[in-house]
Amino acid sequence: QLYQTVDRLEDDGLIERVDQEADEQHERHVFAVTARGTEEFERWFDGAVGGARLLRRPLLVKITLAGPKRLRDTLVELDAYERDCTACLREHLRIRETIPLGGLRVRADHEMLRLNLSADIMQLEAELGWARHARERISWLLEQDAIWPSAQPRSFPSQDSRARQSARAELFGRLATNGKDQR
């Protein structure tokens, strides 16, 4: 994904490689920001960042739409989600620990990298907390004699039933009118 981003920045003329003699097989290349890239950065940086955005979890949508027949299956998906979050969390923690701390002079790039990794770590920890909560709620719901409105068969009123409802409404309407007249 990172390589796609770098390729896109290069294709858009925002960055350019400065190590042209480097072997194409090597993953590391040196890039410089172009004049157009500098202009785009200034435009972007001066713009508003926007407010908080909530994460939309496809798994939550699946759980919500599972219904009574498939809800137990979502626990298996939660297991996989938790394993994935845990592996990702461990990797981010490992990477953060490899970044040197302090020294005689603080390196801003190291601090910014640690800051970014910490944000990801906190999000992953929150995801694991959400997954535990989801598991508790689903397990509890599976033990209940719950009403599932979406699982109830829809009954459409017959023509006869609609006629009775209309007659009833008309009768109650007359009674209400007569009651007002007698006052």
Side-chain angles (χ1 to χ4, degrees), residues 1-12 14-15 26-31 33 37-155:
Q1 198 174 30
L2 174 63
Y3 297 120
Q4 292 171 346
T5 303
V6 170
D7 288 343
R8 184 169 168 220
L9 290 170
E10 191 174 17
D11 291 345
D12 290 348
L14 304 177
I15 61 172
H26 290 95
E27 291 183 13
R28 293 182 179 242
H29 298 285
V30 178
F31 291 88
V33 177
T38 301
E39 290 171 13
E40 183 61 23
F41 172 78
E42 291 299 329
R43 184 195 63 74
W44 169 81
F45 198 85
D46 290 340
V49 174
R53 284 187 270 159
L54 295 176
L55 177 64
R56 298 291 179 219
R57 297 169 191 84
L59 180 55
L60 181 56
V61 174
K62 191 177 271 194
I63 291 168
T64 302
L65 300 176
K69 293 180 182 174
R70 294 182 171 168
L71 191 60
R72 191 169 302 281
D73 297 338
T74 63
L75 291 173
V76 175
E77 297 224 22
L78 269 171
D79 287 340
Y81 187 72
E82 285 177 297
R83 281 192 304 274
D84 186 52
C85 283
T86 301
C88 198
L89 177 60
R90 284 186 183 134
E91 180 63 9
H92 278 66
L93 287 166
R94 184 194 65 73
I95 292 169
R96 187 176 68 179
E97 293 308 312
T98 65
I99 302 168
L101 287 172
L104 293 176
R105 290 193 71 191
V106 176
R107 286 194 52 168
D109 60 330
H110 288 176
E111 289 304 311
M112 291 299 106
L113 182 54
R114 287 180 71 82
L115 177 64
N116 282 281
L117 286 166
S118 293
D120 291 343
I121 289 166
M122 290 176 191
Q123 183 177 343
L124 289 163
E125 289 171 339
E127 286 299 300
L128 285 167
W130 170 80
R132 282 189 296 275
H133 179 68
R135 177 179 309 292
E136 289 171 8
R137 301 311 304 159
I138 291 168
S139 297
W140 178 82
L141 187 56
L142 287 168
E143 295 171 0
Q144 304 303 307
D145 181 23
I147 298 170
W148 290 85
S150 61
Q152 301 301 317
R154 302 226 184 256
S155 61

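Note that OG1 of Thr5 is 12.5 Å distant from CD of Glu10, once rounded to the nearest 0.5 Å. Taking CG of Leu78 as the start and NE2 of His133 as the end, the distance is 11.5 Å to the nearest 0.5 Å. The line from CD1 of Ile63 to CG of Leu71 is 7.5 Å long, rounded to the nearest 0.5 Å. Atoms CG and CG, from Asp7 and Asp12 in turn, are 11.0 Å apart once rounded to the nearest 0.5 Å. With values rounded to the nearest 0.5 angstrom, Leu89 atom CG is found 4.5 Å from Leu93 atom CG. Rounding to the nearest 0.5 angstrom, the gap separating the CD1 atom in Ile99 from the CG atom in Leu117 is 5.0 Å.
Taking 4.5 Å as the limit, some side-chain heavy atom of Leu55 sits within range of a side-chain heavy atom of Gln123. A heavy-atom distance below 4.5 Å is not found between the side chains of Val33 and Leu14. Contact check for Leu141 versus Arg137: no side-chain heavy atoms found under the 4.5 Å cut-off.
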Dump the intermediate steps for side chain to side chain contact (heavy atoms under 4.5 Å, CB included) on Leu60 and Thr64, then the final yes or no.
CA-CA 6 Å; Leu60 181 56; Thr64 302; 4.0 Å; yes

For a salt bridge (Lys or Arg N to Asp or Glu O under 4.0 Å) check, start with the C-alpha distance between Arg43 and Glu40, then their side-chain angles and the critical distance, and finish with the verdict.
CA-CA 5 Å; Arg43 184 195 63 74; Glu40 183 61 23; 2.3 Å; yes

Passes side chain to side chain contact (heavy atoms under 4.5 Å, CB included), Leu59 versus Trp130? Steps please.
CA-CA 11 Å; Leu59 180 55; Trp130 170 80; 4.2 Å; yes

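Remark: Trp44 pairs with Phe41 by the ring pair (Phe, Tyr, Trp, His ring centres under 6.0 Å) rule, at least two apart or across chains.
For the pair Arg114 (side chain) and Arg96 (backbone), a donor-acceptor distance under 3.5 Å is present. At least one donor-acceptor pair under 3.5 Å links the side chain of His92 to the backbone N or O of Cys88. No donor-acceptor pair closer than 3.5 Å links the side chain of Ser139 to the backbone N or O of Glu136. A side-chain donor-acceptor contact under 3.5 Å links Asn116 to the backbone of Met112.
Across every non-hydrogen atom of Glu111 and Val106, the tightest pair is CG-CG1, 3.7 Å. Across every non-hydrogen atom of Tyr81 and Ala131, the tightest pair is CD2-CB, 4.3 Å.
Checked options Glu82, Arg57, Arg132; the residue passing with Glu127 is Arg57 (criterion: side-chain contact (heavy atoms from CB on, under 4.5 Å)).
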